[in-house]
Structure formats: structure tokens, C-alpha cells
There are 2 protein chains.
Amino acid sequence: MMEKDKLCLDHIRPVTDALAVLSGKWRVPILVALCEGDKRFNELQRDIKHITPRMLSRELLELEQHALITHETHPVSTLRTYRISSYGHSLEPVLVALKLWGDGHRTRFIGKS
Amino acid sequence: MMEKDKLCLDHIRPVTDALAVLSGKWRVPILVALCEGDKRFNELQRDIKHITPRMLSRELLELEQHALITHETHPVSTLRTYRISSYGHSLEPVLVALKLWGDGHRTRFIGKS
DNA sequence: CTGTATCCGTGCAGATACTG
DNA sequence: CAGTATCTGCACGGATACAG
């Protein structure tokens, strides 16, 4: 089981797979917003600054196709509630690793906003 | 420290910072190729399938501006040698986390190439 | 060998308006 | 409230040719 953590050729595809899931301007903000708890469409639109309904709709669909989030539709009304799936929570170690490195990177390049 | 590894709002910026550094089609392939050892421009172009000299040049510059790689110019000839910096190696935990999750993701979505 | 210059197609994403 | 439709600009990245 991984005797070496060094980079090698067979790392490329899984890494780019993971990056593809997280890439785009709104994926991480949406996931983080949903980590505060289940939310509805307009709550997400309010909490995520500057996102348009078009992009929010698109990205919610994408995240759901990747099984990272789910939604429930209220039986009577048409209210939908979005939430992170347990599979979505499996991304946490990845996001933590990215955060730790990103913190250091911002520190190293002082002067960046 | 980090008493909790849960996602929260102040994770967004460092995470997207890190993602920005790794995003793009060629960054990871270049880093991985250089992990095999120092290489010259044409070696990289040969080892990284389908990359054009334009993109290789562009991405090498970008990676160097982010301090992830360095280059040395042979004093007499104009031969350049590219190598990963120690700072570049600090990305390894991040790439390992991405690889581990990406492996699982590919397993989960069987049928994907 | 180590790149640059130029041209170009496509997709990502914003703005705005509209609908059930 | 919860989205969709349409239009648009721009950046990403490929192809090809050229240069030091």
C-alpha cells in the first residue's frame, strides 16, 4: 500500500480526475456553503456572493452528478433542499490538504491580496 | 493546531489559491514528468504526449513564477535544464491526497475510461 | 535545441430577462 | 421560490510557421 508517496506517472490521471471535480469557479464555494448545513436555492444564492442563478443551477447539477451533493424535494411544495452527501464529505481530507498548502502559498507570496 | 478539520468559510480562499496553481491541462503532467529527474525542453515535449511547444513554454514560465520549478542555463551552450524546486516538492501531500481521492472516484464511477 | 509569433475555434462564465 | 433562456465576451488552448 503505497510504499512511496513520490510522484510518478500513474498519478496523473487520478489527480486530474480529482482536480476536474473541484475545478471551476463555484464548486468549492458551494460545497463550503453547504457544509454550514442544508440550504435552499435562494439561500445558496444569497450566501455565495455574486453567483448568478444560471451558474448556481449548473454547478448544483454537476455536483449532484458527481454524487457530492443530493437534494430533496418537499412532497407538497416545490421547495428543494440541497445537502452534502457522505461521499461529498469524503473530499474533506483533500480540501484540508489544499487549504494547508494554499495558506502557506499565500504567506510565501506576501503582497497578494 | 486546527482543532477541527471541518470545512468552513475561511477555507475557500486558500483552497482556490491552491487549485489555481494546479489547474490547467498541463501543470500536473509537467510536474510529474520533472519528478522523474531534471529534463530539458525537448525531453519534456517528448515525454508529455501532445503538448505543443507554445503550451510547454507558457506553463514552464507559470510554474517558475509560482516557484514550483527552476531552470539552469548551461554557461556555454544555451541548453536549459528544468527541475522541481524544494517548494514544488511541498506539493506532494496535496497531490497524494488528490490521487487517493481520484482513485476512489474512478473506482466508484466504473465505466469511465 | 529552445523556444516565439500568429491565427483561430471552442467552451466557460457573466448579464439580463423571463417562466412555472 | 426555484430555476431556464438567450446573448455575449473572453480566456484557454490547439495548429502551424518561424527564429535565435
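We use all heavy atoms of the structure for the numbers below, so side chains are in, but hydrogens, waters and symmetry mates are not. Chain A is the first sequence line, chain B the second, and so forth, proteins listed ahead of strands; every chain is numbered from 1.
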Side-chain N,O (A/S57) to OP1/OP2 (D/dT4) below 4.0 Å: yes
State whether B/Y82 places a side-chain N or O below 4.0 Å from either non-bridging phosphate oxygen (OP1 or OP2) of C/dC1. no
Can you list, by residue number, the residues of residues 22-30 of chain B that have a non-hydrogen atom closer than 4.0 angstrom to DNA chain D? B/G24, B/K25, B/W26
Report which part of the nucleic acid A/L56 touches: base, sugar-phosphate, or nothing (heavy-atom distance under 4.0 Å, all strands). nothing
Angle class for the A/F109/A/H105 ring planes (parallel below 30°, perpendicular above 60°, tilted otherwise)? tilted
A/S85 versus A/A67, closest heavy-atom pair with distance: OG-O, 2.6 Å
B/Y87 ring centre to A/R108 NZ or CZ under 6.0 Å, with the angle to the axis within 45°? yes
Between A/R40 and A/Y82, is NZ or CZ placed under 6.0 angstrom from the six-membered ring centre and within 45° of the ring axis? no
Calculate the interatomic distance between A/R46 atom CZ and D/dG3 atom P; express it in whole Å. 15 Å
When you match B/Q45 and B/R54 each to their closest nucleotide on DNA chain C, which lands nearer the 5' end? B/Q45
A/R27/A/E59 ion pair, N-O < 4.0 Å: yes
Kindly say whether B/H74 contributes a backbone atom to a donor-acceptor pair with the side chain of B/S77 at under 3.5 angstrom? no
